Amino acid sequence: MALAFLGLSIFLFLTLDLDGASFSPASASSSSSSGSALEITYGSVIKLMHERTKYRLHSHDVPYGSGSGQQSVTGFPNVDDANSYWIVRPQLGVNAKQGDTIESGTIIRLQHMKTRKWLHSHLHASPISSNLEISCFGGENESDTGDYWRLMIEGSGKTWKQDQRIRLQHVDTQGYLHSHDKKYQRIAGGQQEVCGVREKRADNVWLAAEGVYLPVTASK
């Protein structure tokens, strides 16, 4: 685990445009020196954990065999897997920079670190439950509103922090990022379906877990 995390840190140092900011790795159980939860800022690389099942939001270069045929997104049972890292990005055209905090209600994008595609949704049916399909689509310079997710913090928090209960609502379809106990048998055997549903349910709550959290950029 430690070697994998060091490798992630080196990868980020070499590939991310940090706008002059420094960064420090954080594990799922770590917190700042004051004991308060770490802020999730733009440019941070995180794993999203499904609250009820503890599976991580995951993708890999395997297409769906139905629906859109785009890159599949699943829930993955193991913590230590590089295909579960996502880079937190702002929506297109907004004045946001690396290290900025993210308030509840903000529209964000999540870029899959390994394949560089974006967490995406549309009206195709998901393979198991026939809800809204969740896929990865596009690329570094190819993104649209199908990649837009509204951050909704549960409770009284105003800015997104590690281990804080959140929902992500897809802007175009209004579906909430959702998972459940239904698992794939073949291509992604043992991994559970991730889909979108239009109702608030207990199964569409997520938490930021492991990752590399960029520090908050000081106001100038």
Side-chain angles (χ1 to χ4, degrees), residues 2 4-49 56-57 59 82 84-120 136 138-171 177 205-220:
F5 211 77
L6 176 61
L8 171 63
S9 301
I10 294 170
F11 174 86
L12 292 172
F13 180 77
L14 294 174
T15 59
L16 287 182
D17 177 10
L18 301 180
D19 293 338
S22 62
F23 68 94
S24 57
S27 71
S29 61
S30 66
S31 60
S32 67
S33 58
S34 64
S36 59
L38 292 167
E39 298 268 7
I40 290 94
T41 59
Y42 289 123
S44 293
V45 181
I46 64 173
K47 291 185 178 182
L48 280 176
M49 182 181 74
R56 270 60 176 176
L57 185 69
S59 188
S84 301
Y85 282 113
W86 302 84
I87 308 169
V88 183
R89 303 288 197 193
Q91 70 178 105
L92 295 167
V94 302
N95 184 23
K97 60 184 182 299
Q98 304 258 15
D100 283 352
T101 57
I102 305 169
E103 295 183 353
S104 186
T106 300
I107 295 172
I108 64 169
R109 296 177 296 160
L110 292 172
Q111 186 177 30
H112 189 240
M113 190 187 76
K114 200 160 187 181
T115 64
R116 317 306 283 183
K117 296 182 179 182
W118 304 94
L119 187 69
H120 188 87
C136 270
E140 201 72 62
N141 299 308
E142 183 184 359
S143 180
D144 58 28
T145 60
D147 310 326
Y148 285 5
W149 298 86
R150 188 176 303 280
L151 172 73
M152 304 174 72
I153 296 173
E154 296 289 295
S156 58
K158 293 183 179 179
T159 59
W160 192 9
K161 296 180 181 179
Q162 186 186 35
D163 295 329
Q164 193 169 38
R165 301 174 74 246
I166 66 158
R167 299 178 198 270
L168 290 171
Q169 186 177 33
H170 189 247
V171 172
L177 187 67
V205 175
W206 302 78
L207 302 93
E210 303 82 9
V212 174
Y213 291 73
L214 297 190
V216 176
T217 302
S219 300
K220 297 182 179 178

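Computation of the quantities below employed the complete heavy-atom set of this structure, encompassing side-chain atoms and omitting hydrogens, waters and symmetry-equivalent molecules. Bear in mind that the values here come from a model prediction, so they are computed numbers and not experimental data.
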(message) Can you list everything that forms a ring-ring contact (aromatic ring centres under 6.0 Å, His included) with Trp206? Sequence neighbours excluded, please.
(response) His50
From [X] atom [atom1] to [Y] atom [atom2], the distance as rounded to the nearest 0.5 Å:
X: Met113; Y: Lys47; atom1: CE; atom2: NZ; result: 9.0 Å
X: Ser59; Y: Leu110; atom1: OG; atom2: CG; result: 11.5 Å
X: Gln111; Y: Trp86; atom1: CD; atom2: CH2; result: 10.0 Å
X: Ile46; Y: Leu38; atom1: CD1; atom2: CG; result: 11.5 Å
X: Ser84; Y: Lys114; atom1: OG; atom2: NZ; result: 10.0 Å

Flag side-chain contact, heavy atom, 4.5 Å: [X] against [Y]:
X: Leu57; Y: Leu177; value: yes
X: Leu48; Y: Leu168; value: yes
X: Glu210; Y: Met49; value: no
X: Ser143; Y: Arg109; value: yes
X: Tyr42; Y: Thr106; value: yes

Taking side-chain hydrogen bond (donor to acceptor under 3.5 Å, both in side chains) as the definition, give me every residue that meets it alongside [X], ordered by chain and number, with sequence neighbours left out.
X: Gln91; result: none
X: Thr145; result: Asp172
X: Thr159; result: Glu39

Taking only distance into account, with no hydrogens and no angle test, what donor-acceptor pairs under 3.5 Å do side-chain atoms of residues 150-157 form with protein atoms, sequence neighbours excluded?
unit_1: Arg150; atom_1: NH1; unit_2: Gly105; atom_2: O; d: 2.8
unit_1: Glu154; atom_1: OE2; unit_2: Arg167; atom_2: NE; d: 3.0

(message) Using the ring centroid of each side chain, check whether Trp118 and His112 are separated by less than 6.0 Å.
(response)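 No; His112 has its ring centre 6.0 Å or more from that of Trp118.
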(request) Would you mind listing every ring pair (Phe, Tyr, Trp, His ring centres under 6.0 Å) that reaches into residues 142-170, with sequence neighbours excluded? (result) Trp149-His170
(message) Checking side chain to side chain contact (heavy atoms under 4.5 Å, CB included) between Gln98 and each of Thr217, Leu214, Thr41, Val88, which is the one that passes?
(response)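 Testing each of Thr217, Leu214, Thr41, Val88 against Gln98, the sole residue satisfying side chain to side chain contact (heavy atoms under 4.5 Å, CB included) is Leu214.
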(message) Which heavy atom of Ala37 sits nearest to which heavy atom of Lys161, and what is that distance?
(response)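 Shortest heavy-atom contact: CB-CB, 4.0 Å.
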(request) Identify, with sequence neighbours excluded, every residue that meets side chain to side chain contact (heavy atoms under 4.5 Å, CB included) alongside Glu142. (result)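 Glu142 satisfies side chain to side chain contact (heavy atoms under 4.5 Å, CB included) with Phe137 only.
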